[in-house]
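What follows is a short report on a single structure.
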Number of protein chains: 2
Amino acid sequence: MSRPDARIPEHPEPHEITLQAVLEALVDPVRRSIAAQLHRAGEDISCGKFDLPVARSTATHHFGVLREAGVIRQYYVGTSRMNTLRADDLNSRFPGLLDACLQAETTTPDPEP
Amino acid sequence: MSRPDARIPEHPEPHEITLQAVLEALVDPVRRSIAAQLHRAGEDISCGKFDLPVARSTATHHFGVLREAGVIRQYYVGTSRMNTLRADDLNSRFPGLLDACLQAETTTPDPEP
DNA sequence: GTCAAACTTTGATGCTCATCGACCTTTGAG
DNA sequence: CTCAAAGGTCGATGAGCATCAAAGTTTGAC
């Protein structure tokens, strides 16, 4: 079988996405910022293009959490790992949840710790 | 001054409710269960009437987190502390968020750890 | 083949939080 | 006043998680 790309980790199927995992993913401000940047851009973004306040190894961790929760989809283009927001999958499984988080994310300024 | 009841702790005003706090509150399955039971009942419930899998002192902690996040409102009736779901406040501040969590809570079975 | 770019992996660390048992407080009934 | 009911408070404990630096891996260009 022609495996697409051995570097691409597992994504949950739409029906495997759980509310618990999505909430755990979106409760972190860094991860919510990733989702918001992806939403605002309207196009796929590589991991390195995000504006994030953490080290790259930490960012990798956050992308993994989002992917395993089913919030983003990842695929490789060369050495760049691209990221897509799985808005349709989330909206059909938990209607209103993603929009509520994203809308609040853009209208409400981040709470500075 | 006729203070309403010295035992009643602080509640955030509607505009003080933050997405971060609400998500932190609803990410815990026990707290989400409290919100869901309150929603299903359609009426206020005292702390002792909830069906919760934790000790009483732990439940007290969870009620406090929900109250400080603005998810529930609490008031005393005798020795009983009653709880109200602040659905209107949440819906006007983060439209769709509460419904998304509650709907998924009732249709999706709890993930047993 | 060589090299840099772009991520990932691997510990290690530190902090937050859910949990509990034991004890204290307030209220209302008798 | 006395008591039981309903909760709250107080440490203590343990697990999970976000964070980082350092080293490893994979790819594409030259």
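Order of the sequence lines sets the chain letters (A, B, ...), proteins ahead of strands, with each chain counted from 1.
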Step by step, work out the salt bridge (charged side-chain N to carboxylate O under 4.0 Å, His left out) result for B/Arg73 and B/Asp89.
-> CA-CA 11 Å; B/Arg73 193 177 293 279; B/Asp89 290 338; 3.4 Å; yes
Candidate pair B/His62 and B/Ile34, rule side chain to side chain contact (heavy atoms under 4.5 Å, CB included), full reasoning | CA-CA 9 Å; B/His62 286 309; B/Ile34 291 175; 4.2 Å; yes
Nucleotide by nucleotide, 5' to 3', does protein get under 4.0 Å of the base (B), only the sugar-phosphate (S), or neither (-) in nucleotides 3-9 of chain C, counting heavy atoms?
-> ---SBBB
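The nearest whole Å value for the distance from the CG atom in B/Leu52 to the P atom in C/dT19 is 10 Å. Summarising the geometry, the separation between CD1 on B/Ile34 and P on C/dA18 is reported as 11 Å, rounded to the nearest angstrom. Rounded to whole Å, the distance from CD on B/Glu24 to P on D/dA18 is 12 Å. If you take NE2 of A/His62 and C1' of D/dC17, they are 10 Å apart, rounded to a whole angstrom. Rounded to whole angstrom, the span from the CZ atom of B/Phe50 across to the C1' atom of D/dA6 amounts to 14 Å. Distance B/Ile45 CD1 to D/dG7 C1': 17 Å, rounded to the nearest Å.
The nearest pair of heavy atoms linking A/Ala69 to A/Ala21 is CB-O, 3.6 Å.
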Please output the side-chain donor-acceptor pairs of residues 51-58 of chain B that fall under 3.5 Å, not counting sequence neighbours, one pair per line with the distance.
none

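The one candidate from A/Asn83, A/Leu66, A/Ile17 that meets the side-chain contact (heavy atoms from CB on, under 4.5 Å) condition with A/Val71 is A/Leu66.
Among residue pairs with one or both ends in residues 13-31 of chain A, none qualify as salt bridge (Lys or Arg N to Asp or Glu O under 4.0 Å); sequence neighbours excluded.
Along DNA chain D, the nucleotide closest to A/Val77 and the one closest to A/Arg31 are compared, and the more 5′ of them pairs with A/Arg31.
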